[in-house]
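The structure under discussion appears below in the form of C-alpha cells.
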Amino acid sequence: MSGEVESYRQLPVTVYQIQSKFRDEARPRSGLMRGREFTMSDSYSFDANKELMVLSYQRAFDAYLRIFERLGIPVTPVEAVSGAIGGDVNHEFMAPSLVGEDHYASCSNCGLAANIEAATRRVDVERVDPSSIDAPAPSDVATPDAGTIEAVSALLGVSAAQIMKSIACIDDTGAVTIIVLPGDREARVPHGWRMFDEADFAAHSELKRGFIGPVDLDNVRVVGDLALASAAHPYVTGANRVDTHLINVVVGRDFTPESFASYVVVESGDLCSNCGHEMFLQRSVEAAHTFQLGLHYTSKMKNATFVSEDGSEQPFWMGCYGIGVTRLLAVLAEANHDELGLIWPEVVAPYDVTLLALGAARNEKVAEVAEAAYEALRNAGHSVLYDDRDVSPGVKFADADLLGVPWRVMVGTKGLERSCVEVRSRASGQTTEISLETLLAGQLS
RNA sequence: CGGGGCGUAGCGCAGUUUGGCAGCGCGCCUGCUUUGGGAGCAGGAGGUCCCGGGUUCAAAUCCCGGCGCCCCGACCA
C-alpha cells in the first residue's frame, strides 16, 4: 500500500483477495468446516484516522450482514477476542448450528452477544460486609492428594460452590496474578493473560499446584470474581502448602482482592452485563470475522504511512475482514436443508433450474418438449440441469430434492395432455402449472 | 500428544458378552411385470471376518503384538 497510496486524498482504500489458505490445524474436522486447506475471502481497509476507520469498518460490517442475508444464513455478530491477529474492537459473525465449534452468550432482552471467550456477566447482589459473616479464623485441614475441586469437595464434604478456585496466571503485563472464583464455575482468563505452564510453576515454587490460595500471599496480585464480593459464607481455599487447605476463609477479612470483575465462563442463566436480564448460550459456527486493527500493525512498519492534511507522515488506520468461503458452503448446507436434502439459495445455486423429462423413453412428445425447453431456458439465460435419464419419475423427484436446485420443471405425459408443464419451488414446495408457450419462451411463470 | 470407539460382501451394519454352518439391508447379475414420488415377483453372484502370532477338537468371537480409520480434547486470523 505504501507504493500505491501517498496522500490522505487517496483514502479511504479497501483492497481484497480471494485465496487458498493453509493452516497447520492440529485436528481438521467436520468436512469443510475446518480443513488444512481452504478458500478465504479477505479484505483490508486503510484510513486517515480512527473515526474514518470506524466508518470503513461499519461499511464492511454492513456488507457482511447483507451477504449472509442473501445467502439465507442467519448470523449474529458477536463481540469476540481478537486472538493472534491483534487490534481492539472485533466481531465474529456467528451462524447458529448444532455442529458448531463455538459458543456465544446472548442476552434475551437487549440482544448483546459475545463469544463465550469474551462474555462477561453481572452479579446483582449487594456486596457483603465481611464482619457479618460468622466464622472463626482460618485453620489448616489436611487434604492429601486432593488437588482438584472434586477431590476436596468429596474429602471435606462441602459443595464445589463453597470452595474457592485459585488460578495462577501471567497477566498482560507479565505479572503473576491469582484469579479467585467460585469452585463450581469455570475460569475465564482475560484476553492477553495466560494460565501458568510447567515452567511458571517451576519458577514460582511458593505456588503449589492444586493447593493455591489467596491468603497471606506476598508480592502476588489477587483479583476476584464478582460472585466472591457478595458471598455470605466462608470458603475453603488452598493453603499454598502441599496437601493442605484452609477452611473458614472470609473474603475481605482474611484477604482482599485488588479488584472484582467477571472471571467466570458465562453459563446459561447468568445476567447480562449490559441490562441485567438472563443470557443464554448458543452453539454456533464462525462464518466471518471483522477487526478494527487501528495502528496495531502500521505503527510497527516503516512505510505504512501517508502524507496527511497538515503535511506530516502518518500511519494508516487499518481494518481487516475475512469470510471463510469453503466453510460457508458447509454453513450454507446446515442452514438451508430439510429432510429431503439441500435447498440452495438462488444467489449461490449451481443451477437455477432442473428440468425433468418424465417417461421420455416411452413418449416421444415428452422428449421433444423437454429438449426444446432445455434450449429455450438456456437461451433465456437460465442455467439448467437436465435429467434425461431413463429412470422412474420417483427417482428423478428424489434426486432433484436432494440436489436442491431452486426450480424444478417437470415435463410429462400428464401435463402435456393439457399443453402444460409443472414448475415447483424447492424452497416452498409450491407447484404451479405453466403453459407450453410460456416454457418455450424460456419463462418459468 | 492425551482419552474413547471402530475394523465382517461394493456401501451401511448385526453377530464377539457365553468359541460350534458367514448373516441382514441396500447395491449388483438374469428373467418377467411396472413407469408422475426412491418399483414388484422369482432366481443368482459376491468373504484374507484389518494383519501376524498364540490357546483350543474347533476362533469373526478368547489371549499377545502390530497396522489403519473415526470421534473427543489440546491447537485454531
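Chain naming here is simple, since letters A, B, ... match the order of the sequence lines and numbering starts at 1 in each.
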Study note, to complete from the structure: Separation of B/A77 atom P from A/Y321 atom OH, nearest Å, is 19 Å
**Study point:** Pairwise C1' distance, B/G15 and B/G47 [rounded to whole Å]
**Key:** 15 Å
Practice item. Determine which nucleotide pairs with B/G23, using a 3.5 Å limit on both distances of a Watson-Crick or G-U wobble pair. Key: B/C13
Revision key, fill the gap. Which of B/G38, B/C76, B/A77 is nearest the side chain of A/E25? It is B/C76
Revision key, fill the gap. When both distances are under 3.5 Å in a Watson-Crick or G-U wobble arrangement, the nucleotide paired with B/A42 is B/U30
Practice item. Specify the separation, in whole Å, of atom CD of A/E101 and atom P of B/A74. Key: 10 Å
Check your understanding: Just how far, in rounded Å, is P of B/C75 from CZ of A/R36?
Key -> 16 Å
Review point. Of all heavy-atom pairs between A/L332 and A/L71, which one has the smallest distance, and what is that distance?
Key: CD1-O, 3.5 Å
Practice item. Calculate the interatomic distance between A/R389 atom CZ and B/G38 atom C1'; express it in whole Å. Key: 11 Å
Check your understanding: Would A/F291 and A/H289 count as a close aromatic pair, with their ring centres under 6.0 Å?
Key -> yes
**Study point:** Stacked cation flag A/R209 on A/F201, 6.0 angstrom / 45 deg
**Key:** yes
Study note, to complete from the structure: Pairing partner of B/C67, by Watson-Crick or G-U wobble and under 3.5 Å for both distances, is B/G7
Review point. Is the gap between the ring centers of A/H204 and A/F196 under 6.0 Å?
Key: yes
Review point. Just checking, any donor-acceptor pair under 3.5 angstrom between side chains of A/Q162 and A/S159?
Key: yes
Point to revise | Span that lies between the C1' atom of B/G19 and that of B/G4, in whole angstrom | key: 27 Å
Review point. To the nearest Å, how far apart are A/F93 CZ and B/A77 P?
Key: 18 Å
Practice item. Assign A/G359 to base, sugar-phosphate, or nothing according to its heavy-atom contacts below 4.0 angstrom with the strands shown. Key: nothing
Check your understanding: Say you pick atom C1' in B/C75 and the same atom in B/C67; how far apart are they, in whole Å?
Key -> 26 Å
**Study point:** Pairing partner of B/C76 (Watson-Crick or G-U wobble, both distances under 3.5 Å)
**Key:** none
Review point. From B/C75, B/G38, B/A77, pick the nucleotide closest to the side chain of A/M40?
Key: B/A77
Practice item. Could you give the distance separating B/A59 and B/C63 at their C1' atoms, to the nearest angstrom? Key: 11 Å
**Study point:** Whichever of A/V391 and A/V395 has its nearest RNA chain B nucleotide further upstream toward 5'
**Key:** A/V391
Review point. Hey, are A/Y57 and A/T290 close enough side-chain-wise for a donor-acceptor pair under 3.5 Å?
Key: yes
Check your understanding: For RNA chain B, which residues in residues 396-410 of chain A have a heavy atom at a distance below 4.0 Å?
Key -> A/F397, A/A398, A/D399, A/D401, A/R408
Exercise for review: Write down the distance between CZ (A/F291) and P (B/C76), rounded to a whole number of angstrom.
Suggested key: 14 Å
Review point. When the P atoms of B/C70 and B/C64 are considered, how many whole Å apart are they?
Key: 26 Å
**Study point:** Interatomic distance at C1', B/U8 relative to B/C13, whole Å
**Key:** 9 Å
Check your understanding: Taking all atoms of both residues into account, what is the closest heavy-atom pair of A/E334 and A/S97, and its distance?
Key -> OE1-OG, 3.7 Å
**Study point:** Given A/W317, A/Y297, A/F316, the one that forms ring-ring contact (aromatic ring centres under 6.0 Å, His included) with A/F46
**Key:** A/F316
**Study point:** Spacing of A/D390 atom CG relative to B/A39 atom C1', expressed in whole Å
**Key:** 14 Å
Practice item. For B/G5 versus B/C50, give the span between their C1' atoms, rounded off to a whole number of Å. Key: 16 Å
Check your understanding: Quick one: do the A/D62 and A/Q58 side chains pair a donor with an acceptor below 3.5 Å?
Key -> yes
Review point. Looking only at atom P, what distance separates B/G66 and B/C24, rounded to whole Å?
Key: 36 Å
Check your understanding: Tell me: CG of A/L356 to P of B/G36, nearest whole Å?
Key -> 13 Å
